[in-house]
Amino acid sequence: MKNAVAANPSDVEARLALGKLYLETGDVVAAEKELSKAQSLGAPPGRVQMPLLKALSTQGQFDKVLKETEGASDVALMTMRANALMATNKQKEAAEIFGKVLSVQPDNAEALIGTARQAAIANDMDAAARLTAQAVEKSPRSADAWMFKGDMARSQGKLEEAEAAYARAIEAEPAHRSAQLELATLQIARKKFDAAKASLAAAAKNNANSMQLVYTQALLAYEQKDFAGVRENVQKITRVAPDHLPSVLLAGRPISILLPTSRLNWR
């Protein structure tokens, strides 16, 4: 795809395909660049708008998402807008949009999960659980629905249930990088190191240079007392993000283990 774009920078189809590939592999910055270029070259809105909005949303660019979805009547765009409103703490407006979507599509997974999130924020865990159960029952191929189910179970200390939900998210969307990482982190916490290693290997197939992936690899190395592995992975991150405190501290682990000697001489 890169070669096709390099050979013909005005090739809309190549830009679209490359942008979507970047999005699937978690490189959302590159995805935004390619999809924005495809949009400016006249790509059909129905093919470029949703992946571009997803790239923007993943980066936390919610103001852009809100601008792009203003006045939207398409259900997918409406739910994207509602999620952006939630992220900017405009809960009432988000609830209104989720309600409109559910009035025409009662089993819409995105709207059900959005409403479940709002219920959880309001500490109505019974409603959140009921809505989440409806979402995964009616849309068993929705990775996002399974992810939320896993997150909610994990927050309640139901680790086995959370692990099963993350596994279902991966089953629904094998390239779902965050599902693999959440599963690996949970497996590390449960001392299931071989399973965590397999989950990380699967995640690395999509984006081996992801900071969160490398950090989780460092965490696994620490739990296995592989301090050389900890140092190697943390240094990969601190070379490009020296202020990434989770990597530097690994949740309060001894800093002398994690950093090269040259970085300890700060004074």
- Can you check side chain to side chain contact (heavy atoms under 4.5 Å, CB included) on Lys197 and Gln187, steps first, answer last? CA-CA 9 Å; Lys197 186 175 181 180; Gln187 289 166 334; over 6 Å; no
- Evaluate side chain to side chain contact (heavy atoms under 4.5 Å, CB included) for Lys90 paired with Met86, printing each intermediate quantity in order. CA-CA 5 Å; Lys90 298 175 181 175; Met86 276 186 63; over 6 Å; no
- Task: Could you go through the side chain to side chain contact (heavy atoms under 4.5 Å, CB included) check for Ser57 and Lys54 one step at a time?
- Result: CA-CA 5 Å; Ser57 181; Lys54 187 172 183 180; 5.6 Å; no
- Message: Could you go through Glu110 and Val101, starting from their C-alpha distance and side-chain angles, then the distance that decides it, and tell me whether this counts as side chain to side chain contact (heavy atoms under 4.5 Å, CB included)?
- Response: CA-CA 9 Å; Glu110 287 291 327; Val101 171; over 6 Å; no
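For Ser36 (side chain) and Lys33 (main-chain N/O), no donor-acceptor pair under 3.5 Å exists by modelled atom type. Side-chain atoms of Ser139 never come within 3.5 Å of backbone atoms of Ser142 as a donor-acceptor pair (strictly under, hydrogens ignored). Counting only distance, with no hydrogens or angles, the side chain of Thr69 and the backbone of Ala72 share no donor-acceptor pair below 3.5 Å. A donor-acceptor pair under 3.5 Å links the side-chain atoms of Trp146 to the main chain of Pro140, judged by distance alone. No donor-acceptor pair closer than 3.5 Å links the side chain of Arg154 to the backbone N or O of Glu160. Glu163 places no side-chain N or O within 3.5 Å of a backbone atom of Lys158 that could act as its donor or acceptor partner. Side-chain atoms of Gln118 come within 3.5 Å of backbone atoms of Gln91 as a donor-acceptor pair (strictly under, hydrogens ignored). Ser103 contributes a side-chain N or O that, together with a main-chain N or O of Lys100, makes up a donor-acceptor pair within less than 3.5 Å.
Summarising the geometry, atom CZ belonging to Arg15 is positioned 10.5 Å from atom CG belonging to Leu35; distances are rounded to the nearest 0.5 Å. A distance of 9.0 Å separates OH in Tyr166 from CG in Leu183, rounded to the nearest 0.5 Å. How far OG1 of Thr79 is from CG of Asp144: 10.0 Å, rounded to the nearest 0.5 Å. Rounding to the nearest 0.5 Å places CG of Leu66 at 11.0 Å from CG of Leu56. Atom CE of Met78 sits about 9.5 Å away from atom CG of Asn108, to the nearest 0.5 Å. The structure places CG of Leu52 at 11.5 Å from CD of Glu34, a figure rounded to the nearest 0.5 Å.
In this structure, Arg81 has no salt bridge (charged side-chain N to carboxylate O under 4.0 Å, His left out) partners at least two apart in sequence or on a different chain. Every side-chain contact (heavy atoms from CB on, under 4.5 Å) that Ala127 has, sequence neighbours left out, goes to Ala119, Asp124, Arg130.
In this structure the side chain of Leu77 reaches within 4.5 angstrom of the side chain of Leu53, judged on heavy atoms. Using a 4.5 Å cut-off on side-chain heavy atoms (C-beta onward), Glu68 and Gln39 make contact. Considering only heavy atoms from C-beta on, Phe148 comes within 4.5 Å of Arg117 through its side chain. In this structure, His176 and Met147 have side chains that are in contact, with non-hydrogen atoms separated by less than 4.5 Å.
Few gaps surround NZ on Lys20; more than 12 heavy atoms of other groups in view lie less than 6.0 Å from it.
Nearest heavy atoms, Asn233 versus Ala218: CB-CB, 3.7 Å. Counting all heavy atoms, side chain and backbone alike, Ala145 lies closest to Thr132 at O-CG2, 4.3 Å.
Taking hydrophobic clusters as Ile, Leu, Val, Met, Phe, Trp and Tyr residues chained together by side-chain heavy-atom distances below 4.5 Å, Ile113 does not share a cluster with Ile97.
A donor-acceptor pair shorter than 3.5 Å can be found between the side chains of Glu32 and Gln61.
With side-chain heavy atoms closer than 4.5 Å counting as contact, directly or through intermediates, the hydrophobic cluster containing Leu131 also holds Leu102, Leu112.
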